[in-house]
Amino acid sequence: MNERRKPYPFDRLEPKWQAIWDETRAFHATNPGEENFDPNRPKFYVLDMFPYPSGAGLHVGHPEGYTATDIVARYKRLNGFNVLHPMGWDAFGLPAEQYAIKTGQHPAVTTRENVAKFKTQLKRIGFSYDWEREINTTDPAYYKWTQWIFLQIYNSWFNPDTKKAEPISTYRGDDADSVRLAYVAEVAVNWCQELGTVLANEEVIDGKSEVGGFPVVRRPMRQWMLRITAFADRLLDGLDDLDWPLSLKALQRNWISRSEGAEIEFPVADRRSEDTRNESAVIDRRYNIRVFTTRPDTLYGATYMVLAPENPLVDQITTSEHRNAVADYRSQIAAKSDLERTDLAKEKTGVFTGGFAINPVNNERIPIWIADYVLMGYGTGAIMGVPAHDTRDLEFARRFDLAVVPVVQAPGKTTEESIGYLEVGTAINSPLLNGLAREAATAKIIDWIEENGHGRRDIRYKLRDWLFSRQRYWGEPFPIVWANGKHQALSETELPLEPPALEDFKPTGTGEPPLAKAKDWIRYSENASRETNTMPQWAGSCWYYLRFCDPQNDRRFTGEEPERYWMGGEQPGGVDLYIGGVEHAVLHLLYARFWHKVLFDLGQVSKPEPFQRLVNQGMILGEDNRKMSKRWGNVIDPLDVIEIYGADAFRCYEMFMGPLEQMKPWSMKGVEGVSRFLARVWRLMMTENQAGEWEFAAAVQEVEPTKAQQKITHATIKKVTEDIEGLAFNTAISQMMIFVNAFTNLEVIPISAMRTFLVLLNPFAPHISSELWQQLKSPGEITGQRWPTYDEQVLVEDEVDIVLQVNGKVRDRIKAPLAATNADLETAALANEKVRKALGGQTVRKVVVVPKKLVNVVAA
RNA sequence: GCCGAUGUGGCGAAAUGGCAGACGCAACGGACUUAAAAUCCGUUUCUCGUAAUUGGGAGUCCCGGUUCGAGUCCGGGCAUCGGCACCA
């Protein structure tokens, strides 16, 4: 093997500095009240989305965000902040369990090994985490508090008057279990046979499981739910003040999706009067059909109704002669997967029930159909069909030849042409509303509906309550026991509730959780048994950022004072910078906000939102511009890169690739370029002697920098400072390259400029900058320095370049004294030979002068 | 269909409304070397012109607008990517 020569000895100095940082606890953050805590420094909490420690080890995507936060953490420390920069492991989850099923090895063992591997890898990159705060969601000392928080949720309800979570003891009704924020319900859930578990809506993508891509079917099951929908409005409103990417806020808004409108009741016409043509409302008072609509202003245009096939009312409404057709259709639909059913391309289907409803606004008898384009899971599972002003209804009406009555006139169109018009227009064919625009018509009709008892104003959300139980082994057991068919909470003193030791982790396949196999564990007392479901993977990550504030606390989930300090502080407070992938937009980031709001209402945390500023790093693609995957053979292992180029080069390349938020392809050649830059930095201050040993370069001397050197040094301080604040790390590195190029090949290099530069470089390349700082015999440790400041005065030029334009086209460039007046510049421009040549004989109409920049001569 | 993002050299990219392409990669040329690697120096948007230099023209997805001046602002398209999707 031909040993590749290292461009500088990173293989020696990187482990050296990593060991020093460990030994000196260089990045340990102290809490208020602890020794060495300095209350005069401002705080900064900079957080990564902690990883699931998979067996595959670190991927180049992980360190992208981690490097960005590490640069900010180191930068903030150099600026005198108390910085909280922790790391931990989100270690409950499917892969460890599936590995356990295959090999029989306990998931705890696999997890321990994977964590050790991840930690070694992260340390090799030189991240400045406070490892004394490391946490692991599978540690009983951690999930004790996950279970404790679940009990807070279980023991709370949402008071609609205060719009807050309150202890269940404040509830005055007679059925507390019906209002708890954690409740059990029989619902149509997403069941994945392959994984042997149910999944949350957020975990299902295109009818397949997010993990593994296995088919998911609808199936009614009794499950634990968390009442996140009660917080829908607050989760929406809270977004306004967060410094998050607009696209991510849009994703959450879209997911919650608030619709305002009305719930309207349509009475069912009495079947006994089927042959009467007279619609004078012989009404069957036993059941009304309730619909939700965002367009109550089109009520006069409702010419039919549609129920979801699963709607229980269908049985009551269907007449005997239509019973067979309806039954056929319903079984046909039941056999379809969600995917088939929601296929937009297919033609609308449906059957008539034989029943009629009465449109309350005009007493018209309208037919009731069932069709699979109406979903049981949204609104009331029934709609009023307004074919003239709804695309789907129109398609359905045309297919089955139902009446179409336009009730909104499009501007400049005839009544007939207004069919299919969805925008704002003027109400027609609507005695109560004629002539009104949408807003006024909507307000008026809702008033009418409410006054006449036909319904009420209503708001609906697409957001569903959070399906919180899983039929898995490797998760937090619920601190719940069942007695006489009722659930009750364990007391706090019984936490943590550890899962039973099991030989066989396999899902049962029946929907009964694996924990059901542990007969002894289940038996709680003579007549009570334990809940056998476990919590979903998201539970642990819903509050880990709070645990980081005070990770060893055994009396509380997090200490009140540390929480107030790190999560509170000045408005708006919270985590000051949170970086992670966009894939958690409607999962972790929504769930965590929900838990945080519950804890806030209960007085457990100091701010209503956890993450003040959030940034999504872009995905890193393979060199072939495809998503990295084993299938394409384009996966890059960070450790391989570090082996060849060193951790500093790896870190700098990850940041130099392009803007943090952007998707971008990997390039080994690019790593090499950045590695060359670091080698140039090294050789600026070090030379190799005859024996091949590196020694301090004689060129670096105690001399005053020249004016030009001062200028570039201050320009670099300014650019790097501003770019770190703006997370524009790629251009910060560009500027440092410009700096180094300017000092390359000089016979005398001022040591003061080098020291300043090393501090600027330190957050990006902490190892090489620490080593050179020491080689330069600089005072103290580089990590103890103050971030340099720049002087605008130094940056001011005596002479400036002035661009001369004629009609906006550049014709020449001249140098002018900084003090030159506009008149001076104008004169100089008009006297310029190239300007005069370009003007030809044209008349000068106007001269625009931008001081210190340009003169534009306008002529014709 | 709805929501969001993006569109600049051979490639990754840069540019408070004011010199488009900083910085890096690749390519080409040169220095050093017996040679190579490494290193250092230079050229490198396209096009026309020239023996060469100095030059001319065009150019930031397309069409229009605002402006003395537009990659940047406004209007309308197109394309690519991401999310949601029969949500009433």
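Proteins get letters first, then strands, A, B, ... in listed order; numbering begins at 1 in each. When reading the values below, keep in mind they use all heavy atoms of this one structure, side chains included, and skip hydrogens, waters and symmetry mates.
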**OP:** Would you mind classifying the nucleic acid contact of A:Ser259 as base, sugar-phosphate or nothing, using non-hydrogen atoms under 4.0 angstrom?
**Re:** sugar-phosphate

Subject >> salt bridge (charged side-chain N to carboxylate O under 4.0 Å, His left out) contacts in which one or both residues fall within residues 251-266 of chain A, not counting sequence neighbours >> reply: A:Asp233-A:Arg258, A:Asp240-A:Arg253, A:Arg258-A:Glu260, A:Glu263-A:Arg290, A:Glu263-A:Arg456, A:Glu263-A:Arg460, A:Glu265-A:Arg456

Original post:
Quick one: A:Asp624 CG to B:G12 P, roughly how many Å, whole number?
Top reply: 14 Å

**OP:** State whether the side chain of A:Asp297 and the backbone N or O of A:Arg438 hold a donor-acceptor pair below 3.5 Å, judged by distance alone.
**Re:** no

Original post:
Are A:Phe743 and A:Phe757 an aromatic pair by the rule of ring centers under 6.0 Å?
Top reply: no

Pairs under 3.5 angstrom, nitrogen or oxygen only, protein versus nucleotides 15-22 of chain B, please.
unit_1	atom_1	unit_2	atom_2	d
B:U16	O4	A:Lys853	NZ	2.7
B:G18	N2	A:Gln805	OE1	3.4
B:C19	O2	A:Arg813	NE	3.0
B:C19	O2	A:Arg813	NH2	3.4
B:A22	N1	A:Ser734	OG	3.3

Subject >> Rounded distance in Å between the P positions of B:G12 and B:C86 >> reply: 36 Å

Subject >> Pairwise C1' distance for B:C63 and B:A70, with rounding to whole Å >> reply: 15 Å

**OP:** Grab the CG-C1' distance between A:Leu825 and B:C68 for me, whole Å please.
**Re:** 16 Å

Subject >> Nucleotide B:G24, atom C1' - distance to CZ of A:Phe677 in whole Å >> reply: 11 Å

**OP:** Starting at atom NE2 of A:His389, determine the distance to atom C1' of B:A88, rounded to an integer number of angstrom.
**Re:** 15 Å

Original post:
Are the side chain of A:Arg330 and the backbone of A:Pro309 linked by a donor-acceptor contact shorter than 3.5 Å?
Top reply: yes

Subject >> Side-chain H-bond candidate by donor/acceptor type, A:Thr821 with A:Asp824, under 3.5 Å >> reply: yes

**OP:** Looking at every strand, decide which applies to A:Ser667 at a 4.0 Å heavy-atom threshold: base, sugar-phosphate, or nothing.
**Re:** nothing

Original post:
Would one find a side-chain N or O of A:Lys664 under 4.0 angstrom from OP1 or OP2 of B:G12?
Top reply: no

Original post:
Ignoring hydrogens and geometry, is there a side-chain-to-backbone donor-acceptor pair from A:His389 to A:Thr298 under 3.5 Å?
Top reply: no

**OP:** Using a heavy-atom cut-off of under 4.0 Å over every strand shown, decide if A:Pro245 touches base, sugar-phosphate, or nothing.
**Re:** nothing

Original post:
For A:Arg680, does the CZ atom have more than 12 heavy-atom neighbours from other residues, nucleotides or ligands under 6.0 Å away?
Top reply: yes

Subject >> Backbone N/O of A:Glu799 and side chain of A:Lys815: donor-acceptor pair under 3.5 Å >> reply: no

Original post:
At under 4.0 Å between heavy atoms, what does A:Gly670 touch on the DNA or RNA strands: base, sugar-phosphate, or nothing?
Top reply: nothing

**OP:** Report the relative orientation of the aromatic rings in A:Phe400 and A:Trp369; use parallel for angles under 30°, tilted for 30 to 60°, perpendicular for over 60°.
**Re:** tilted

Original post:
Regarding A:Lys348 and the six-membered ring of A:Tyr373, is the cationic atom NZ or CZ under 6.0 Å from the ring centre and inside 45° of its axis?
Top reply: yes

Original post:
So, is B:G82 syn or anti if syn means the angle is within 90° of 0?
Top reply: anti

Original post:
When rounded to the nearest Å, what value does the distance between C1' atoms of B:G18 and B:A13 take?
Top reply: 22 Å

Any protein N or O atoms within reach of nucleotides 53-60 of chain B? Criterion: under 3.5 Å, listing atom names and distances.
unit_1	atom_1	unit_2	atom_2	d
B:A58	OP2	A:Lys809	NZ	3.2

Subject >> Value in whole Å for how far the P atom of B:A88 lies from NZ of A:Lys348 >> reply: 14 Å

Subject >> Any donor-acceptor pair under 3.5 Å from A:Arg295 side chain to A:Asp390 backbone >> reply: no

Original post:
Which residue pairs pass the ring-ring contact (aromatic ring centres under 6.0 Å, His included) test with at least one member in residues 657-679 of chain A, sequence neighbours excluded?
Top reply: A:Tyr653-A:Trp666

Original post:
Where the side chain of A:Thr353 meets the backbone of A:Ile317, is there a donor-acceptor pair that is under 3.5 Å apart?
Top reply: no

**OP:** Would you confirm whether A:Asn190, through its side chain, and A:Leu199, through its main-chain N or O, come within 3.5 Å as a donor-acceptor pair?
**Re:** yes

**OP:** Quote, to the nearest angstrom, the P distance that separates B:A58 from B:A5.
**Re:** 34 Å

Subject >> Whole angstrom value for the distance that separates P of B:G69 from CZ of A:Arg845 >> reply: 14 Å

Original post:
Taking CZ from A:Arg290 and C1' from B:A88, how many angstroms apart are they, rounded to a whole number?
Top reply: 15 Å

Below 3.5 Å is the cut-off: list the nitrogen or oxygen pairs between protein and nucleotides 40-49 of chain B, distance only.
unit_1	atom_1	unit_2	atom_2	d
B:C40	OP1	A:Arg683	NH2	3.4
B:C40	O3'	A:Asn745	ND2	2.8
B:C40	O2'	A:Asn745	ND2	3.4

Original post:
Within a radius of less than 6.0 Å around CZ of A:Arg626, do more than 12 heavy atoms belonging to other residues, nucleotides or ligands occur?
Top reply: yes

**OP:** Scan A:Val857 against the nucleic acid and name what it touches under 4.0 Å (heavy atoms): base, sugar-phosphate only, or nothing.
**Re:** nothing

Subject >> Pairwise C1' distance, B:G17 and B:G10 [rounded to whole Å] >> reply: 31 Å

Original post:
Separation of A:Asn616 atom CG from B:U6 atom P, in whole Å?
Top reply: 13 Å

Original post:
Within the structure shown, what part of the strands sits under 4.0 Å from A:Ser257 by heavy-atom distance: base, sugar-phosphate, or nothing?
Top reply: nothing

Subject >> Separation of the C1' atoms in B:A27 and B:U44, to the nearest angstrom >> reply: 8 Å

Distances under 3.5 Å between protein N/O atoms and the N/O atoms of nucleotides 73-84 of chain B, please, pair by pair.
unit_1	atom_1	unit_2	atom_2	d
B:C84	O2'	A:Lys462	NZ	3.4

Original post:
Quick one: is A:Gln662 getting a side-chain N or O under 4.0 Å of the B:G12 phosphate, OP1 or OP2?
Top reply: no

**OP:** Would you kindly compare A:Lys669 and A:Gly379 by the position of their nearest RNA chain B nucleotide and give the one closer to the 5′ end?
**Re:** A:Lys669

Original post:
Quantified in whole Å, what is the C1' atom distance between nucleotide B:C40 and nucleotide B:G49?
Top reply: 35 Å

Original post:
Do A:Thr229 and A:Tyr461 touch side chain to side chain, with heavy atoms closer than 4.5 Å?
Top reply: no

